[in-house]
Structure formats: structure tokens, C-alpha cells
Amino acid sequence: MTSLRLPLFPLNSVLFPGLVLPLNVFEARYRAMMRDLAERPEDERHFAVVAIRDGREVAPTAQGMPDATLPTAAGPAAGFGDDPIQAFHAVGCVADAATIREKSPGPDAGYEVLATGTTRFRLRSVDASGPYLTAEAEELEEDPGEGAGALASGVVRAFRTYQKRLAWANERTISSGQDLPADPSVLSYLVAAAAVLDVPAKQRLLEAPDTADRLRQELTLLRQESALLGKLPSLPAVDLTRQPTSPN
């Protein structure tokens with residue numbers, strides 16, 4: 001396995017390979033990270049994204065938070081306890097920052113970042129000695145598993161049904177001509193990101209040992225969710241192709 005050492009950006013959501021991640025960066029630790037990344041060549045602006053298991057994406061009284069009367073929580077591990085690695089899920093996704101835009105000149109300026117997930121990794125250690133967290137990780141290869149092609153066909157049908165029922169629950173229309181990727185691995189990540197699931201469920205999909213296992217899980221989840229949607233009058237609108245902007 002390939003060993004990685006990358007800046008670490010914890011989130012209250014799961015990033016999947018191939019999916020777009022917009023970030024609104026305002027905390028000092030993440031501004032420092034983006035300043036460093038912006039100085040690198042465009043093809044080297046990589047950072048690690050992990051979902052938070054137990055902790056806060058934003059330090060409770062950080063700059064930009066509503067209560068300005070409390071002392072500002074500071075430091076790269078603020079909000080994650082004395083041993084940060086315990087606050088994070090073990091498997092995450094490398095992100096490539098295609099765009100890093102400073103909102104305004106000055107040391108306290110925030111950043112608007114647009115990144116894309118690339119490869120999965122397993123977190124081995126977390127270093128909190130610098131201005132922001134860094135991770136030692138091992139890159140995870142994507143194993144197709146057995147029967148991924150046949151499972152992908154079933155997932156496409158189940159996802160179509162799920163989309164229609166979700167659109168009906170939100171009183172929206174959906175284009176029936178949308179193409180889904182033919183590659184089972186790419187399909188599995190798209191469906192995992194698009195389905196309206198909680199973080200633990202999405203994390204289990206990210207951690208699946210191979211593509212076939214992920215598709216098998218998705219087939220079960222999509223059928224369950226479609227059955228549930230058929231019994232509910234309405235659900236909050238959700239974007240099926242992009243993750244929400246993170247308020248970091």
C-alpha cells in the first residue's frame with residue numbers, strides 16, 4: 001500500500017472518490033492549511049478528508065461562530081479531544097483542491113475551496129504539532145470483488161426507483177434521460193453519495209472491502225429507502241449530485 005502524509009480536514013460528512021466537495025473555510029487552522037496548499041503546484045494540492053465520529057467540525061467558539069463573548073477555542077485539534085484520531089472514522093478520502101480562492105486580502109481572510117475526492121485511505125496516525133492536523137495514512141486500492149457487474153445492473157434499477165420516489169416525495173420532477181456510469185466502482189460511489197443516508201451508513205459504504213460488497217449494501221438500502229418513501233408524504237429537498245457546502 002502507498003503511504004501518505006497529508007493535511008487533514010475533518011468533516012461532519014463523508015467524501016467519496018469522484019464527488020465534488022465545496023468548502024467555505026474560515027477557521028484559523030484551515031485557513032493556514034489552504035494558504036499552504038495554494039502555494040503548491042496545482043497537481044499537488046491534496047488533503048485528507050475524514051468523517052467525524054465524535055467531535056465538532058467547527059470549534060465551539062471559533063471565529064465566525066454566533067457567540068463572540070466566549071474565549072475562542074484554538075489549536076489544530078480544537079473540538080476533537082486529547083487524542084484526535086479517536087474522534088475520526090478510520091477510512092477517509094483524499095481530496096484534490098481544484099480551486100482555492102481567497103475571499104479578501106489579509107491574514108484573517110477566508111477561502112472558498114472546490115475539491116474532488118480521489119482515492120480512499122486508512123488513517124494510521126494524526127499529528128497535532130503544527131498549525132493544522134496532518135495525517136499518516138495508507139492508500140486503499142479498489143477491489144472489484146465478485147459479481148460487481150451483475151450487481152451494478154440491479155443497483156441502477158433500484159436507484160432509478162429511489163430517484164422517482166424521492167422526487168415524488170418532494171413534489172419534483174426528474175429527468176429520465178440521466179446517464180449513470182457504466183463502471184461498477186464509479187457507480188457505487190455515485191449512488192453512495194447521492195442517497196439520503198446518515199453519516200454512519202455512508203461511512204459503511206466508503207469502508208466496503210470491495211465494489212461488489214458496496215453495491216450489495218446499496219441494493220438493500222435503496223430497496224428499504226424506496227419502500228419507506230412510498231409511505232411518507234414528503235421529505236426535505238436534497239441535491240442528488242453534490243454534497244452540501246461545509247461551513248468550515
Side-chain angles (χ1 to χ4, degrees), residues 1-4 6 9 11 13-23 42-51 89-99 114-123 137-167 174-226 238-244:
M1 292 184 180
T2 303
S3 179
L4 306 169
L6 296 168
F9 206 125
L11 293 173
S13 57
V14 179
L15 177 64
F16 293 94
L19 274 297
V20 173
L21 174 68
L23 294 169
E42 290 186 3
D43 60 349
E44 296 179 13
R45 295 176 180 175
H46 314 308
F47 60 99
V49 174
V50 289
H89 286 281
V91 175
C93 184
V94 177
D96 286 356
T99 304
L114 194 64
T116 303
T118 58
T119 57
R120 298 181 305 151
F121 64 82
R122 185 172 299 279
L123 194 61
E138 290 179 347
E139 186 175 342
L140 296 177
E141 295 181 359
E142 183 69 17
D143 182 355
E146 187 175 349
L151 284 163
S153 298
V155 167
V156 167
R157 292 191 295 271
F159 186 61
R160 291 295 189 201
T161 299
Y162 172 75
Q163 283 184 302
K164 290 175 182 177
R165 293 199 176 178
L166 187 62
I174 187 168
S175 171
S176 59
Q178 293 175 325
D179 291 330
L180 291 172
D183 183 279
S185 175
V186 177
L187 173 71
S188 74
Y189 286 128
L190 174 62
V191 170
V196 184
L197 303 169
D198 61 16
V199 168
K202 285 181 177 283
Q203 184 66 33
R204 286 192 292 272
L205 293 175
L206 182 69
E207 294 180 5
D210 54 52
T211 300
D213 184 85
R214 186 177 304 109
L215 290 167
R216 196 173 292 112
Q217 290 186 53
E218 289 170 348
L219 194 56
T220 299
L221 286 168
L222 289 170
R223 287 170 175 170
Q224 291 174 345
E225 293 298 308
S226 293
V238 68
D239 188 332
L240 287 177
T241 58
R242 295 171 65 93
Q243 296 190 7

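Quick caveat: nothing in here was measured; it's all calculated off a predicted structure.
- Listed for the Thr118 side chain is a donor-acceptor partner under 3.5 Å among the backbone atoms of Val94.
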_Val156/Leu187 under side chain to side chain contact (heavy atoms under 4.5 Å, CB included): CA gap, chis, key distance, verdict_ = CA-CA 8 Å; Val156 167; Leu187 173 71; 3.7 Å; yes
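- Using a 3.5 Å distance cut-off with no hydrogens or angles, the side chains of Glu142 and Thr211 do pair a donor with an acceptor.
- Applying the side-chain contact (heavy atoms from CB on, under 4.5 Å) criterion to Arg223, with sequence neighbours excluded, gives Leu219.
- With hydrogens and angles ignored, the 3.5 Å screen pairs no side-chain donor or acceptor of Arg214 with any backbone N or O of Tyr189.
- Pairs engaging residues 186-213 under the salt bridge (Lys or Arg N to Asp or Glu O under 4.0 Å) rule: none recorded [sequence neighbours left out].
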_Between Val50 and Phe121, is the side chain to side chain contact (heavy atoms under 4.5 Å, CB included) condition met? List the steps._
CA-CA 9 Å; Val50 289; Phe121 64 82; 3.6 Å; yes
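- Listed by chain and residue number, Arg45, Phe47, Ile100, Val113 satisfy the side-chain contact (heavy atoms from CB on, under 4.5 Å) test with Ala97 (two or more places apart in sequence, or in another chain).
- Partners of Glu225 according to the side-chain hydrogen bond (donor to acceptor under 3.5 Å, both in side chains) rule, which considers only residues two or more places apart in sequence or in another chain, do not exist here.
- Taking Ser226 as the reference, Thr161, Tyr162, Arg165 meet the side-chain contact (heavy atoms from CB on, under 4.5 Å) condition, with sequence neighbours excluded.
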*Would you check, one step at a time, whether the test side chain to side chain contact (heavy atoms under 4.5 Å, CB included) holds for Leu23 with Leu114?*
CA-CA 6 Å; Leu23 294 169; Leu114 194 64; over 6 Å; no
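- Annotation: side chain of Ser185 is not in contact with side chain of Pro144 (no heavy-atom distance under 4.5 Å).
- Partner of Val49 under the side chain to side chain contact (heavy atoms under 4.5 Å, CB included) criterion, chosen from Leu6, Val14, Leu21: Leu21.
- Here Thr220 pairs with Gln224 under the side-chain contact (heavy atoms from CB on, under 4.5 Å) rule; sequence neighbours left out.
- Interatomic distance, Glu138 CD to Leu4 CG, rounded to the nearest 0.5 Å: 8.5 Å.
- With sequence neighbours left out, His89 forms a side-chain hydrogen bond (donor to acceptor under 3.5 Å, both in side chains) with no residue at all.
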*Could you give me the CA-CA distance, side-chain angles and deciding distance for Gln203 and Val91, then say whether side chain to side chain contact (heavy atoms under 4.5 Å, CB included) is met?*
CA-CA 8 Å; Gln203 184 66 33; Val91 175; 3.9 Å; yes
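- Arg216 meets the salt bridge (Lys or Arg N to Asp or Glu O under 4.0 Å) test with no other residue; sequence neighbours excluded.
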